[in-house]
Amino acid sequence: MSRSRADSDGGGGNRFDRWAGIYDRWVASAPICGQHPGFYVPLYVETEGPVVELGVGNGRLILEAARQGRPMIGVDSSPAMLEICRRRAAEEGLSESIELIEGDFRDFVLGPSAKLISIPFRSIGHLPTIEDKRIAIRHVFEMLERGGRLVFDHFVFDPAYAEKHEGIQTLRDVHPRPGGGTSYLWTASSFCLAEQTMRIVCVEDRSRSDGSVEGRTIREMDFSWIDPAQCRALLGECGFEIESAFGGFDRSPLTEESTTQIWIGRKP
């Protein structure tokens, strides 16, 4: 996850830290996430040279790559997410294979230049404006060695879907709590079409074993979207040659009917 103007929690902390405890549930409740490992991990493993994942979160992809013998670098702005990733790597004896950097997509610092930099799970949407995305992509370009690649995925925004689901609260996950009781995750989103932004609200209700309510936690996330034409233009503006544009993690072509867009750009 990358810092944005909405990153602060109002108390000097990192807003994404508050998502760390439910992140695995959040990922598991999004069916598209099941398609990520089969696409990204082979790219990581087959690349000869430093591989960097931006928005590494708790390490669900880079840990799998490390299990397959690929040293990885992960960048994230959330100390809590990075700590979970670091702990999991240590538990599996993979600490020597993973380097973690606390930083922002727009100004992270690497040692040697990277051969591949990825931004999985639509995380480019954590950058709030087109200009923020432009700054990040230009920075990625500078962090890559010649011939290096950038790969990222995003959804293709559907105005009809947004209109239908505006403000509608849905039950995203139900999970038993240690010692009894249940945790419920409810989500709702609001959209600003003019600014290509959305706010996601996640409400966690916690019940006791007798069904009475114990407490509630509210988490918010500001997000944005970018359409395929904008992606193509930004990659070109920032110096990338477009190697591939897919409409799915099965590497199907990107078409007007695609609901997913995946881009691979190469630094000449």
Side-chain angles (χ1 to χ4, degrees), residues 1-2 23-76 81 85 88-89 92 94 97-100 105 114-127 133 136-137 140-141 143-145 147-158 223-228 230-232 234-235 240-267:
M1 293 185 173
S2 169
Y23 189 67
D24 285 333
R25 294 169 61 191
W26 184 261
V27 168
S29 67
I32 194 72
C33 292
Q35 300 179 45
H36 293 163
F39 180 85
Y40 283 103
V41 174
L43 277 178
Y44 297 167
V45 173
E46 70 189 20
T47 299
E48 297 182 3
V51 178
V52 181
E53 182 178 298
L54 304 184
V56 68
N58 60 19
R60 65 190 181 96
L61 295 178
I62 68 167
L63 286 171
E64 179 56 35
R67 294 181 192 111
Q68 297 184 33
R70 152 53 63 186
M72 292 290 302
I73 301 168
V75 178
D76 204 287
M81 291 284 195
C85 183
R88 290 177 174 176
E92 295 192 42
L94 297 172
S97 297
I98 291 178
E99 177 185 354
L100 298 176
F105 293 3
K115 188 67 174 181
L116 175 70
I117 297 178
S118 73
I119 314 176
F121 196 12
R122 308 167 175 176
S123 293
I124 197 168
H126 291 304
L127 299 165
K133 295 175 179 65
I137 292 174
V140 167
F141 187 87
M143 294 295 102
L144 285 167
E145 62 181 63
R149 295 184 294 172
L150 163 66
V151 54
F152 65 93
D153 67 86
H154 200 56
F155 58 84
V156 178
F157 182 72
D158 182 352
F223 206 68
S224 64
W225 64 85
I226 181 169
D227 66 39
Q230 291 171 319
C231 284
R232 185 178 294 277
L234 277 182
L235 286 167
F240 283 98
E241 296 176 349
I242 296 175
E243 180 177 295
S244 301
F246 300 122
F249 292 101
D250 60 356
R251 295 177 175 260
S252 55
L254 179 63
T255 69
E256 293 184 357
E257 288 72 41
S258 299
T259 59
T260 294
Q261 50 179 322
I262 306 166
W263 296 88
I264 300 180
R266 184 180 295 275
K267 180 175 180 177

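Below, all heavy atoms of this structure are taken into account, side chains as well, without hydrogens, waters or symmetry copies.
- Listed here is the closest heavy atom pair of Gly57 and Cys85: O-CB, 4.0 Å.
- No side-chain heavy atom of Thr260 sits less than 4.5 Å from a side-chain heavy atom of Gln35.
- Shortest non-hydrogen contact noted between Val52 and Ala114 is CG2-CB, 3.8 Å.
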Task: Audit row: Val51, Ile62, side chain to side chain contact (heavy atoms under 4.5 Å, CB included) steps and yes/no - done: CA-CA 10 Å; Val51 178; Ile62 68 167; over 6 Å; no

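- At a threshold of 4.5 Å between non-hydrogen side-chain atoms, the residues Leu94 and Arg67 count as touching.
- Annotation: Glu48, atom CD; neighbour count of heavy atoms from other residues, nucleotides and ligands within 6.0 Å does not exceed 12.
- Of all non-hydrogen atoms in Leu254 and Pro228, the two that sit nearest each other are CD2-CB, 4.1 Å.
- Relative ring orientation between His36 and Tyr40 is described as perpendicular, the plane-to-plane angle rising above 60° on a 0-90° scale split at 30° and 60°.
- Side-chain contact between Phe246 and Ile264 is present, with at least one heavy-atom pair separated by less than 4.5 Å.
- Atom-to-atom distance recorded for Ile73:CD1 and Met143:CE is 11.5 Å, nearest 0.5 angstrom.
- In terms of modelled atom types and a separation under 3.5 Å, the side chain of Arg266 and the main chain of Gly147 share a donor-acceptor contact.
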Open item on the list: Is there a side chain to side chain contact (heavy atoms under 4.5 Å, CB included) between Asp153 and Ile32? Walk through the geometry before answering.
Closed with: CA-CA 11 Å; Asp153 67 86; Ile32 194 72; over 6 Å; no

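- A distance of 4.5 Å separates CD1 of Ile124 from CD1 of Ile119, quoted to the nearest 0.5 Å.
- Side chain of Gln261 to main chain of Gly247: no donor-acceptor pair is present (N/O by atom type, distance under 3.5 Å, no hydrogens or angles).
- Trp225 is not listed as a side-chain neighbour of Arg122, based on a closest heavy-atom distance of 4.5 Å or more.
- Nearest heavy-atom pair across Arg60 and Cys33 is NH1-O, 3.6 Å.
- At a threshold of 4.5 Å between non-hydrogen side-chain atoms, the residues Val151 and Phe39 count as touching.
- A distance of 11.0 Å separates CZ in Arg70 from CG in Leu43, rounded to the nearest 0.5 Å.
- In this structure, the side chains of Phe121 and Leu61 stay at 4.5 Å or more apart for every pair of heavy atoms.
- Atoms CG and CG, from Asp76 and Asn58 in turn, are 9.0 Å apart once rounded to the nearest 0.5 Å.
- Using a 4.5 Å cut-off on side-chain heavy atoms (C-beta onward), Ile242 and Trp263 make contact.
- Between Phe157 atom CZ and Ile226 atom CD1 the span is 13.5 Å, to the nearest 0.5 Å.
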Task: From CA spacing to verdict: salt bridge (charged side-chain N to carboxylate O under 4.0 Å, His left out), Lys267, Glu145 - done: CA-CA 7 Å; Lys267 180 175 180 177; Glu145 62 181 63; over 6 Å; no

- [ ] With side chain to side chain contact (heavy atoms under 4.5 Å, CB included) as the test, would you mind laying out the steps for Leu150 and Phe141 before giving the verdict?
- [x] CA-CA 8 Å; Leu150 163 66; Phe141 187 87; over 6 Å; no

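- Side chain of Thr255 to main chain of Glu257: a donor-acceptor pair is present (N/O by atom type, distance under 3.5 Å, no hydrogens or angles).
- Here the closest non-hydrogen pair linking Tyr44 and Ser118 is OH-OG, 2.6 Å.
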- [ ] Output, in order, the C-alpha distance, side-chain angles, deciding distance and verdict of side chain to side chain contact (heavy atoms under 4.5 Å, CB included) for Met72 and Val56.
- [x] CA-CA 10 Å; Met72 292 290 302; Val56 68; over 6 Å; no

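- Within the model, atoms CG of Leu235 and CD1 of Ile137 stand 5.0 Å from one another, a figure rounded to the nearest 0.5 Å.
- Pairing each heavy atom of Leu144 with each of Ile117, the nearest pair is CD2-CG1, 3.7 Å.
- The main-chain N or O of Leu127 is found under 3.5 Å from a side-chain atom of Ser224 such that the two form a donor-acceptor pair.
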